[in-house]
Engineer: 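The structure under discussion is supplied below as structure tokens; questions concerning it will follow.
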Amino acid sequence: MHAITIREAGEPDVLEWREVPAPEPGPGEVAVDVTAAGVNRADLAQRQGSYPPPEGASELLGLECSGTVVESGPGVTGWRPGDEVCALLAGGGYAERVVVPATQLLPIPPGLDRVDAAGLPEVVCTVWSNIVHEAGLESEQVLLVHGGSGGIGTCAIQLGRALGAKVVATAGSEAGLRLCEELGASLAVDYREGDFVAEVKRLGGANVILDNMGGSYLDRNLSALATDGHLAVIGLQGGRKAELDMGKMLVKRLRMSALGLRGRPLEGPHGKAGIVYDVRQRVWPRIERGEVRPVVHHRLPMREAARAHELMEAGGVHGKILLTTDRAE
């Protein structure tokens with residue numbers, strides 16, 4: 001098969017479309033012929049050498065894909081060759097074929113384009129596991145979403161709204177702010193010129209904050225939280241380190257979590273299998289009803305993965321960039 005490989009850590013031009021051995025499914029695994037793969041910021045970090053795959057995972061890029069089941073390993077039930085699926089991956093999506101644990105497969109929701117479905121698994125599982133499993137977001141609460149016009153953000157706004165929360169989102173352009181409002185944000189704040197802390201405080205504070213910035217936003221996030229609020233950190237675009245004012249946390253009984261998805265075990269209380277199962281039961285019906293949809297910024301042939309990374313690094317991407325194989329035609 002062909003796949004995108006990394007010649008060496010570096011700029012996007014280190015990505016190469018090359019022939020590599022096709023993976024074979026082991027016990028509990030399924031082989032999927034890839035139709036499309038989603039591009040995530042973690043892919044950029046791996047390309048740069050700062051985010052290696054978990055032990056035992058594919059060295060290839062790609063944390064989510066859509067495609068068709070072609071073969072199952074021993075012990076797999078419930079999936080057959082020809083099933084159209086999308087999948088949460090620990091790696092390997094930038095390829096013509098990928099092997100994935102069967103418990104990380106999801107059916108493509110009826111009526112959803114099979115290419116667009118590639119932009120769902122990573123973002124939905126990330127958002128759901130953080131704002132619901134960890135932070136316990138409830139109806140009528142306030143959810144603050146940073147980076148609201150990005151892949152994670154556009155999903156979080158829709159899921160928050162579908163759960164009955166009041167959603168506030170930050171974005172950095174007029175187009176991004178408009179998109180946040182179109183997706184259901186009650187308020188969209190320009191993070192370059194606005195004050196999201198003041199705006200959220202007018203609503204009584206945020207019960208949950210989904211944060212992709214990390215260090216540079218830490219103190220302001222704590223200030224923006226309501227009493228008993230929860231800060232869920234999922235990215236470090238604003239740096240890894242910051243001074244933590246424990247006084248703010250004690251006075252308001254705040255909680256903070258910093259939980260990635262890729263390195264979680266397959267099974268167990270925080271395992272990916274359980275997250276995928278819950279997403280299928282509780283989120284997939286909302287997608288089928290049209291309450292949540294993937295927002296796609298651009299599609300590119302997979303062999304042009306370097307161009308996709310350049311677009312994401314340049315900024316201004318609203319929603320997902322998807323890489324397509326010949327099967328998408």
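Along the sequence shown, residues are numbered consecutively beginning with 1.
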Engineer: For R286, give me all partners under side chain to side chain donor-acceptor pair (under 3.5 Å), at least two apart in sequence or on another chain.
Structural biologist: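 Once residues adjacent in sequence are excluded, the partners of R286 under the side chain to side chain donor-acceptor pair (under 3.5 Å) criterion are E291.
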Engineer: Does a side-chain N-to-carboxylate-O contact under 4.0 Å join R178 and E181?
Structural biologist: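 Result for this pair is no, no salt bridge flagged.
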Engineer: Would you say that R327 contacts T68 through its side chain, given a criterion of any heavy-atom pair below 4.5 Å between the two side chains?
Structural biologist: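 A side-chain contact under 4.5 Å is absent here.
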Engineer: Could you tell me whether the side chain of P107 reaches within less than 4.5 Å of the side chain of W79, counting heavy atoms only?
Structural biologist: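 The answer is yes; the side chains approach within 4.5 Å.
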Engineer: Just jot down the side-chain contact (heavy atoms from CB on, under 4.5 Å) partners of V296, sequence neighbours excluded, or say none.
Structural biologist: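 Scan of V296 (side-chain contact (heavy atoms from CB on, under 4.5 Å), adjacent residues dropped) gives D116, R299, L322.
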Engineer: Write down the atom of G147, the atom of N212, and the distance for their closest heavy-atom approach.
Structural biologist: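 Shortest heavy-atom contact: CA-ND2, 4.0 Å.
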Engineer: Whether the side chain of D83 engages the backbone of R80 through a donor-acceptor N/O pair (distance < 3.5 Å, no angle test) should be reported.
Structural biologist: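 Pair found, side chain donor or acceptor close to backbone of R80.
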Engineer: Among E122, Q46, E64, which residue satisfies the side-chain hydrogen bond (donor to acceptor under 3.5 Å, both in side chains) criterion with N40?
Structural biologist: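 Result: among E122, Q46, E64, E64 is the only option passing the side-chain hydrogen bond (donor to acceptor under 3.5 Å, both in side chains) with N40.
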Engineer: Any sub-3.5 Å donor-acceptor pair from H297's side-chain atoms to H318's backbone N or O?
Structural biologist: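 Looks like yes, one N/O pair under 3.5 Å.
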Engineer: Let me check something: do L105 and I108 share a hydrophobic cluster, defined by ILVMFWY side-chain heavy atoms less than 4.5 Å apart, either directly or through other members?
Structural biologist: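 Unlinked, L105 and I108 end up in two clusters.
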Engineer: Show, in sequence, the C-alpha distance, side-chain angles and deciding distance for V132 and R282, and conclude whether the side chain to side chain contact (heavy atoms under 4.5 Å, CB included) test is met.
Structural biologist: CA-CA 11 Å; V132 175; R282 301 177 63 187; 4.2 Å; yes
Engineer: I need the single residue from I152, L183, L179 that forms a side chain to side chain contact (heavy atoms under 4.5 Å, CB included) with I157. Which is it?
Structural biologist: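 That would be L183; it is the only one of I152, L183, L179 passing the side chain to side chain contact (heavy atoms under 4.5 Å, CB included) with I157.
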Engineer: Would you say E140 has more than 12 foreign heavy atoms packed within less than 6.0 Å of its CD?
Structural biologist: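 Open: at most 12 neighbouring heavy atoms sit under 6.0 Å from CD of E140.
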Engineer: Shortest non-hydrogen contact from G10 to R47?
Structural biologist: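 Closest approach of G10 to R47: O-NE, 2.8 Å.
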Engineer: Given I287 and L120, is the side chain to side chain contact (heavy atoms under 4.5 Å, CB included) satisfied, shown in steps?
Structural biologist: CA-CA 10 Å; I287 295 173; L120 284 175; 4.0 Å; yes
Engineer: Taking atom SG of C65 and atom CG of L323, what is their separation to the nearest 0.5 Å?
Structural biologist: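 It comes to 11.5 Å.
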Engineer: Among L137, V276, L163, V123, find the one that has a side chain to side chain contact (heavy atoms under 4.5 Å, CB included) with W128.
Structural biologist: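 So, applying the side chain to side chain contact (heavy atoms under 4.5 Å, CB included) to W128 and each of L137, V276, L163, V123, only L163 qualifies.
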Engineer: Do V292 and I275 share a hydrophobic cluster (ILVMFWY, side-chain heavy atoms under 4.5 Å, transitive)?
Structural biologist: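 Linked, V292 and I275 end up in one cluster.
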Engineer: Can you measure from SG (C125) to CG (L261) and round to the nearest 0.5 angstrom?
Structural biologist: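 Taking SG in C125 and CG in L261, the distance rounds to 6.0 Å.
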Engineer: Just verifying a value: how many Å separate E59 CD and L61 CG, rounded to the nearest 0.5 Å?
Structural biologist: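 One finds 10.0 Å between CD of E59 and CG of L61.
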Engineer: Could you give the distance from OG (S186) to CD (E199), rounded to the nearest 0.5 Å?
Structural biologist: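 Reported value, rounded in 0.5 Å steps: 12.5 Å.
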Engineer: E71 side chain to P25 main-chain N or O, any donor-acceptor pair under 3.5 Å?
Structural biologist: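 Pair absent, no side-chain N/O of E71 close to backbone of P25.
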Engineer: Is the backbone of V34 close enough, under 3.5 Å, to the side chain of T325 for a donor and an acceptor to pair up by distance?
Structural biologist: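 A pair under 3.5 Å: yes.
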Engineer: Is the side chain of E96 donor-acceptor paired with the backbone N or O of H2 at a distance under 3.5 Å, no angle test?
Structural biologist: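 Judged by distance alone, yes, a pair lies under 3.5 Å.
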Engineer: So, the side chain of Q104 versus the backbone of A87: is there a donor-acceptor pair under 3.5 Å, distance only?
Structural biologist: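 Not confirmed, Q104 side chain does not pair with A87 backbone.
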Engineer: As a quick check of understanding, evaluate side chain to side chain contact (heavy atoms under 4.5 Å, CB included) for L15 and T5, giving each step before the final call.
Structural biologist: CA-CA 6 Å; L15 299 180; T5 62; over 6 Å; no
Engineer: With hydrophobic residues grouped by side-chain heavy-atom distances under 4.5 Å, do L63 and Y94 end up in a single group?
Structural biologist: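 Different clusters.
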Engineer: Any side-chain heavy-atom pair from E313 and Q48 closer than 4.5 angstrom?
Structural biologist: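 Yes, at least one pair of side-chain atoms sits under 4.5 Å.
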Engineer: Between CG of D245 and CG of D219, what distance do you get to the nearest 0.5 Å?
Structural biologist: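 Interatomic distance, D245 CG to D219 CG, rounded to 0.5 Å: 6.5 Å.
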Engineer: Check whether any side-chain N or O of K252 sits under 3.5 Å from a backbone N or O of A226 as a donor-acceptor pair, and report yes or no.
Structural biologist: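 No, K252 side chain to A226 backbone: no donor-acceptor pair under 3.5 Å.
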Engineer: Check V30 against S72 and note the closest heavy-atom contact, atom names and distance.
Structural biologist: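 Minimum heavy-atom contact is CG2-OG, 3.9 Å.
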Engineer: Given the rule in the side chain to side chain contact (heavy atoms under 4.5 Å, CB included) test, do H298 and M312 qualify, once you have shown the distances and angles that lead to the verdict?
Structural biologist: CA-CA 10 Å; H298 204 49; M312 182 167 282; over 6 Å; no
Engineer: So which heavy atom on G263 is nearest to which on P54, and how close?
Structural biologist: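 Heavy atoms only, the tightest pair is CA-CG, 4.0 Å.
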Engineer: Can you measure from CZ (R97) to CD (E24) and round to the nearest 0.5 angstrom?
Structural biologist: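 The CD atom of E24 is 7.5 Å from CZ of R97, to the nearest 0.5 Å.
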Engineer: Running the 4.5 Å side-chain criterion over Ile, Leu, Val, Met, Phe, Trp and Tyr, what cluster does M1 land in, apart from itself?
Structural biologist: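 Answer for M1: V20, L60.
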Engineer: Is there a donor-acceptor pair under 3.5 Å between the side chain of R18 and the backbone N or O of I4?
Structural biologist: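 No, because the side chain of R18 does not come within donor-acceptor range (under 3.5 Å) of the backbone of I4.
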Engineer: Under 3.5 Å, side chain of R264 to main-chain N/O of K272, donor-acceptor pair present?
Structural biologist: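 Looks like no, no N/O pair under 3.5 Å.
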Engineer: If two hydrophobic side chains count as joined below 4.5 Å and joins carry through other members, does W284 share a cluster with V85?
Structural biologist: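 Looking at the clustering, V85 is in a separate group from W284.
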Engineer: Running the 4.5 Å side-chain criterion over Ile, Leu, Val, Met, Phe, Trp and Tyr, what cluster does L218 land in, apart from itself?
Structural biologist: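 The other cluster members (ILVMFWY side chains, heavy atoms under 4.5 Å, direct or chained) are V142, L144, V168, L187, V189, Y191, F196, V197, V200, L203, I209, M213, Y217, L222, L225, L231, V233, L236, L244, M246, M249, L254, M256.
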Engineer: For R289, is the CZ atom crowded, meaning more than 12 foreign heavy atoms sit under 6.0 Å from it?
Structural biologist: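 Yes - once you tally the heavy atoms of other residues, nucleotides and ligands closer than 6.0 Å, there are more than 12.
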Engineer: Show the nearest heavy-atom pair for residues C180 and A171, with the distance to one decimal.
Structural biologist: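 Shortest heavy-atom separation between C180 and A171 comes out as SG-CB, 4.2 Å.
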Engineer: For the hydrophobic clusters of this structure (ILVMFWY residues joined by side-chain heavy atoms under 4.5 Å, transitively), does one cluster hold both I234 and V295?
Structural biologist: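 Yes, I234 connects to V295 through the hydrophobic network.
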Engineer: Return the minimal non-hydrogen interatomic distance between G319 and T154, and the atom names on each side.
Structural biologist: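 Here G319 and T154 meet closest at CA-OG1, 4.2 Å.
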Engineer: Is R161 reaching over with its side chain to a backbone N or O of G184, donor-acceptor style, under 3.5 angstrom?
Structural biologist: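 Answer holds: yes.
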Engineer: Quick one: does P294's side chain get under 4.5 Å of K320's, heavy atoms only?
Structural biologist: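 No, too far: nothing below the 4.5 Å cut-off.
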Engineer: Partners of D228 by side chain to side chain donor-acceptor pair (under 3.5 Å), sequence neighbours excluded?
Structural biologist: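 Residues passing side chain to side chain donor-acceptor pair (under 3.5 Å) with D228: R253.
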Engineer: Residues in side chain to side chain donor-acceptor pair (under 3.5 Å) with T170, at least two apart?
Structural biologist: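 For T170 the side chain to side chain donor-acceptor pair (under 3.5 Å) partners, ignoring immediate neighbours, are H146.
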